[in-house]
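Accompanying notes for the structure given below.
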Amino acid sequence: MKAAVIVFPGSNCDRDLAEGFRKAGADVNMVWHKDTDLPEGIDIVGVPGGFSFGDYLRCGAIAARSPISQAVVAFAQKGGHVLGICNGFQVLCETGLLPGVLMRNAGLKFVCRQQVLRVETQQSPFTQEFAQGAEITIPIAHHDGNYSVADEEMKQLQDQDRIAFRYIDNPNGSMGDIAGVLSENRRVLGMMPHPERAVEDPQGGTDGAKLFASLTRIMTLA
Amino acid sequence: MTEPELTDGLIAAHGLSPDEYQRILDIIGRSPTFTELGIFSAMWNEHCSYKSSKKWLRILPTDGPQVICGPGENAGVVDIGDGQAVVFKMESHNHPSYIEPYQGAATGVGGILRDVFTMGARPIAAMNALSFGSPDHPKTKSLVSGVVAGVGGYGNCFGVPTVGGEVRFHPAYNGNCLVNAFAAGLADADKIFYSAASGVGMPVVYLGAKTGRDGVGGATMASAEFDDTIEDKRPTVQVGDPFTEKRLMEACQELMRTGAVISIQDMGAAGLTCSAVEMGDKGNLGVKLNLDDVPVREENMTAYEMMLSESQERMLMVLDPAKEDAAKAVFEKWDLDFAIVGETIAEDRFLIEHNGKVMADLPLKALSGNAPEYDRPWVETPAAEPLEDLPQVDGIDALKALLSSPNYARKQWVWEQYDSQVMADTLVAPGSGAGIVRVHGTTKALAFTSDVTPRYVKANPVEGGKQAVAEAYRNLTAVGAKPLATTDNLNFGNPEKPEIMGQFVGAIKGIGAAVAALDMPIVSGNVSLYNETDGTGILPTPTIGAVGLIDDIDHIISGTVRDGHLAILVGDTTGHLGQSALLAEVFNREDGDAPAVDLDTEKRNGDFIRAERDWIDVCTDISDGGLAMAAFEMAYAGGVGVCLDDDTTAFAFGEDQGRYLIGCSFDKAEALMIAAGNAGVTLSTVGKFTGDTVRIGRSEAPLADLSHLFETSFEAALA
């Protein structure tokens, strides 16, 4: 598996995400936001967490307009796999690759904790290693994770089984307890929790490793 | 633009005493210009010159085989083996945080992070020690929410995990909160960057964000007491931009790899003035600056304003001219300013030009070397009266009182606002003793703690100073770490009062004795004096930040108790209740002496814990609230009840030092007893972890009820 991790000014989980991919056996290229093209032969693009452009204007809004973001959109439109975590999820929503927006947490505070999620679908390249309905623990750390989406789009997400994860004990007011959603072709995942922070025992859990393992399996079969 | 005439009032407003002004006249042989007055004021205020504290700071032990760089640089540097070093420091941002809590706290975090990455280290951990006034004081809630949001807002965006700290409340901080920010970074031991300039005619380069009018005179403000004009001081508080700081850090890391940096210094207190003077002073060189080349974000800034601005996220460096292009390219990549604003010169001269005019022309050495130094009169703190007898209290009632106090309730409301996991190396997050961060890519880890018990220091500065170090030592020991070194953040009242100066001197003596005995030298620190409002001082608060090394993460003591574990007390108990948490929270009294610290016992008991760490499943140090509080916290973490046999108030709640509580199985307990006998360490079984109730003697309560109190009291009082 060959992964590209995008680095925006203000990204701060880029290294963590790269290591999440590497531990699952991937080769990783770090790609600077001013680049206009992704490296050749990329299987998956990771858009990391952090505070791209300081969260100024609106979380993810400026990053979505960086030169590399057009290349990421084109890659996804051609059927490429894209994983956006935390700020990366916000960026993907801003590019239009995923529906909805991430608003300020209902409690108005930044929240960092170990969070229990339920795996809502196994039917995706990101989640097939999880058991359907499994409860997993993945850390969250965000100020703007309150997912909101138009009624029509929510219906589509549900009808098309595109809700990847829901929170147990909603930490941020997110609509439908949604923690992560898939694109229509199921190859783009955006999620607020940080699976790359739960890939080794010393970190306090390894539930996140299964997400990367799912990807490795798909890419190896492909 | 013409500069104002110097009047007595203007000189006084710069915080310079008539004697100090006379000293300026003697040094330069003429009246200073307005800009020069500002420069002297910036260099000679308490915050930058340490003029009241220097004499005493010199007695602190700062050496050891592990120390690569002690106090005097931006941060201390300590060897952690395998060619790597930990770089750390703690610094206060008290006055700004009281005036403008969010920005004051945020820029406190920003400043300490810059101190660390200026030296070539990548920040890997942060902590914050916060002291606020009484929870029911009208200002406290807004200060707490602003400061916590500011700490989180800056650190989270920058991307450093906040893994520890303290939050305390006491009416003595009603008019003057304390915000002490700690940061630690990791660097290659042979790639540390220092501030001493070298070479004549070398370009002096300005890096980072542009200069504005924010923070002009901030360091001088921070060196004065507060009164009712405090609101007028808001413009002296800087405004932070963690996004720029993050870029500046990444750019500095890349810049340092180019080999272009001869020396580098961050612009903190007193901005351009202090950074340029320090680089010149340490390198025995002069510095010439042309302010026309300083990147500014406001129009018509004067030389005075540029020299005194405390705009954030800025650095000054001396550049190897052969590498200019490579260096510049790094800053262009990160969209940051890179401007050559001057050069090093051979003469002892600090020459400032602006718009073709000389605005300041001063002997550079005199600005730092000739700064005033005072031997302030001090009186020893009188010995405390012995504690009068206390009535016996019901153990569970007393425990409930502690758990209901925001001082001892669980503070997840605070730490959940901090990203404690970013960088994916956090092994132990806030909430239990020391925070632990793995040394990236290795099987080693670093443990971090910050400690002080201001009640003790007030009653007995020497023992209180020792105790702060001893508690830090124990917190590191309790996770299996070897304490390496210490940073001290000394917060006191007005040093011109002999009794306050006496607290300061006593605390330094205690800290010095403890760091010597426990082999954890002071490698960096900060002094914050004049923490007074309308003449009333804070509790003396010498915060100790300490770092320990864990040679293998498999040896961390981080388990939780299980049903059937024995509760084993390490150390001797006399039942010292003077200045205890019980006394303060249950009886609303603060009397008696602080507990005495026997440093030999501390060392022996600490060595024992480390030596036997593989036999110890769970361990915590015993501090505020004594055995009862420690046992409850262990029970809470493990979700198992506890039963303590002896319900004597002094035994359950006494705060004798040098003690730990261990939870372990019966078999391991036997092995520990034998080892303790051989090591001359006192060990006794004081109870058992079992069931779902907490029992102290004959009194008991469901663990779930106490846990609920523990988890909700902080938020109930402050949110």
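Model, not experiment: these values are computed from the prediction. All chains are named by letter (A, B, ...) in the order of the sequence lines, taking the proteins before the strands, and each is independently numbered beginning at 1.
The part of A/E196 that comes within reach of chain B is its backbone (N, CA, C, O), which places non-hydrogen atoms under 4.5 angstrom from that chain. For B/I553, the part sitting under 4.5 Å from any heavy atom of chain A is the side chain, from C-beta outward, and nothing else. With a threshold of 4.5 angstrom between heavy atoms, B/T426 approaches chain A through N, CA, C or O but not through any side-chain atom. Of the two parts of B/D241, the backbone and the side chain both hold a non-hydrogen atom closer than 4.5 Å to a non-hydrogen atom of chain A. For chain B, the nearby part of A/Y56 is the side chain; its heavy atoms alone come within less than 4.5 Å.
B/Q421 contributes atom CD, which lies 12.5 Å from atom CZ of A/R113 (distance to the nearest 0.5 angstrom).
Only one option out of A/H143, A/R197, A/H142 pairs with B/D419 in a side-chain hydrogen bond (donor to acceptor under 3.5 Å, both in side chains); it is A/R197.
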Legend entry - side chain to side chain contact (heavy atoms under 4.5 Å, CB included) between A/R15 and B/H440, worked out: CA-CA 11 Å; A/R15 185 187 78 179; B/H440 191 70; 3.2 Å; yes
Please walk me through it: do A/V7 and B/E250 pass side chain to side chain contact (heavy atoms under 4.5 Å, CB included)?
CA-CA 12 Å; A/V7 185; B/E250 296 292 352; over 6 Å; no
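By the 4.5 Å heavy-atom criterion applied to side chains, A/C112 and B/Y418 are not counted as neighbours.
Chosen from A/G204, A/P202, A/P139, the residue pairing most often with chain B at heavy-atom distances under 4.5 Å is A/P202. Between chain A and the residues B/K333, B/R247, B/K246, B/E245, the largest count of heavy-atom pairs under 4.5 Å involves B/K333.
The shortest heavy-atom contact between B/C157 and A/G54 is SG-CA, 4.5 Å. Closest approach of A/K34 to B/E332, counting heavy atoms only: NZ-O, 3.6 Å. Across all non-hydrogen atoms, the minimal contact from B/V422 to A/D16 is C-OD2, 4.0 Å. Closest non-hydrogen pair, B/F243 versus A/F51, comes out as CD1-O, 4.1 Å.
The number of heavy-atom neighbours closer than 6.0 Å to NZ of A/K210, taken from other residues, nucleotides and ligands shown, is 12 or below. Counted within 6.0 Å of CZ on B/R562, heavy atoms from surrounding residues, nucleotides or ligands total 12 or fewer; the atom is thus considered open. Counting non-hydrogen atoms of other residues, nucleotides and ligands closer than 6.0 Å to NZ of A/K2 gives a total above 12.
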